[in-house]
Amino acid sequence: MAINLDKLMGFHHQALQIRTDRMEVLAGNLANANTPGYKARDIDFQKAMKSAQQSRGHTLTRTNENHIKGTSFGTGDLQFRVSTQPDTGDGNTVDVQVERNTFLDNGLRYQAGMEFLNGKIKSMKKALSGGQQ
């Protein structure tokens, strides 16, 4: 019986990739906390996962190494964050506390996903070795 690695780990791999992309967006928000006119952005994780699930098998192919790598989230998944703080007059919508908390939460969820995948890989290795370590 053949083992389909995509079925075994596909969903979790996609979730980790979206979490990685989200970390980059959140880090960009934090880096631009004092940039006048910067609008905080975020990735809607649920929407991005649905988009990734629907587009399975439809991957972008780079025809030249100088081309920009495609991202795993769809165009509608990257959104501007609705500001929860009063306008300071410079047009910046980054709330540092919200960004830090969201970044930490996303990081913890990423770590949990990695631990889950590591467990799956260990189980698979154990099964392939006949139960011997």
Side-chain angles (χ1 to χ4, degrees):
M1 174 159 87
I3 298 173
N4 186 337
L5 291 177
D6 194 37
K7 281 188 179 180
L8 181 67
M9 295 184 217
F11 171 81
H12 300 290
H13 177 267
Q14 289 174 325
L16 287 176
Q17 184 59 51
I18 293 169
R19 294 232 178 262
T20 300
D21 294 341
R22 189 172 187 216
M23 287 277 229
E24 290 181 22
V25 171
L26 295 171
N29 289 347
L30 286 167
N32 287 290
N34 294 320
T35 303
Y38 184 82
K39 306 295 181 206
R41 301 177 302 160
D42 198 358
I43 293 174
D44 183 337
F45 181 79
Q46 298 299 326
K47 197 174 184 182
M49 279 304 297
K50 284 180 186 175
S51 175
Q53 290 285 311
Q54 291 171 350
S55 67
R56 277 185 110 166
H58 300 32
T59 57
L60 297 175
T61 305
R62 287 176 30 176
T63 56
N64 185 304
E65 64 184 40
N66 293 327
H67 289 169
I68 297 173
K69 178 183 160 199
T71 57
S72 63
F73 50 90
T75 55
D77 303 323
L78 182 62
Q79 304 170 348
F80 290 104
R81 186 184 306 280
V82 177
S83 180
T84 57
Q85 64 183 5
D87 187 7
T88 59
D90 67 357
N92 186 306
T93 63
V94 176
D95 183 342
V96 175
Q97 291 298 339
V98 169
E99 297 303 327
R100 279 188 197 143
N101 291 338
T102 306
F103 187 86
L104 290 172
D105 177 68
N106 192 65
L108 288 172
R109 291 175 189 269
Y110 178 89
Q111 186 64 36
M114 284 298 292
E115 293 295 325
F116 186 81
L117 268 180
N118 283 336
K120 283 212 175 248
I121 291 169
K122 277 185 178 179
S123 297
M124 188 170 55
K125 285 170 80 176
K126 188 173 183 179
L128 290 172
S129 68
Q132 298 177 10
Q133 299 277 347

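A40 approaches E99 most closely through the heavy-atom pair CB-OE2, 3.8 Å. The shortest non-hydrogen separation linking N92 to A33 is ND2-O, 3.1 Å.
In this structure, the separation between NE2 on H12 and CD on E115 is 13.5 Å, given to the nearest 0.5 Å. In this structure, the separation between OG on S51 and CD1 on I18 is 7.5 Å, given to the nearest 0.5 Å. Interatomic distance, D105 CG to R19 CZ, rounded to the nearest 0.5 Å: 7.0 Å. Between the CD atom in Q17 and the CD atom in Q14 there is a gap of 9.5 Å [rounded to 0.5 Å]. Separating the CD atom in Q111 from the CG atom in L108 is a distance of 8.5 Å, to the nearest 0.5 Å. The structure places NZ of K50 at 7.0 Å from CD of Q46, a figure rounded to the nearest 0.5 Å.
Note on F45: it does not cluster hydrophobically with F103, by side-chain heavy-atom contacts below 4.5 Å among ILVMFWY residues. Both I121 and L16 sit in one connected hydrophobic cluster of ILVMFWY residues. Membership requires side-chain heavy atoms under 4.5 Å apart, directly or through other members. A single hydrophobic cluster is not seen to contain both M114 and L104; linkage of ILVMFWY side chains at heavy-atom distances under 4.5 Å, directly or through other members, places them apart. When hydrophobic clusters are built by joining Ile, Leu, Val, Met, Phe, Trp and Tyr residues whose side-chain heavy atoms come closer than 4.5 Å, directly or via intermediates, F80 is not grouped with V94.
Here the side chain of K39 pairs a donor or acceptor atom with the backbone of G91 at under 3.5 angstrom. In terms of modelled atom types and a separation under 3.5 Å, the side chain of D95 and the main chain of S83 share no donor-acceptor contact. Side-chain atoms of N106 never come within 3.5 Å of backbone atoms of T102 as a donor-acceptor pair (strictly under, hydrogens ignored).
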Could you walk me through whether R22 and D42 pass the side-chain contact (heavy atoms from CB on, under 4.5 Å) check? CA-CA 7 Å; R22 189 172 187 216; D42 198 358; 2.8 Å; yes
Report the C-alpha separation of L26 and N29 in whole Å, then their side-chain angles, then the decisive distance to 0.1 Å, and conclude whether the side-chain contact (heavy atoms from CB on, under 4.5 Å) test is met. CA-CA 5 Å; L26 295 171; N29 289 347; 4.2 Å; yes
May I have the step-by-step check of side-chain contact (heavy atoms from CB on, under 4.5 Å) for R81 and T93, ending in yes or no? CA-CA 8 Å; R81 186 184 306 280; T93 63; 5.8 Å; no
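Within a 6.0 Å sphere centred on CG of N118, heavy atoms belonging to other residues, nucleotides or ligands number more than 12.
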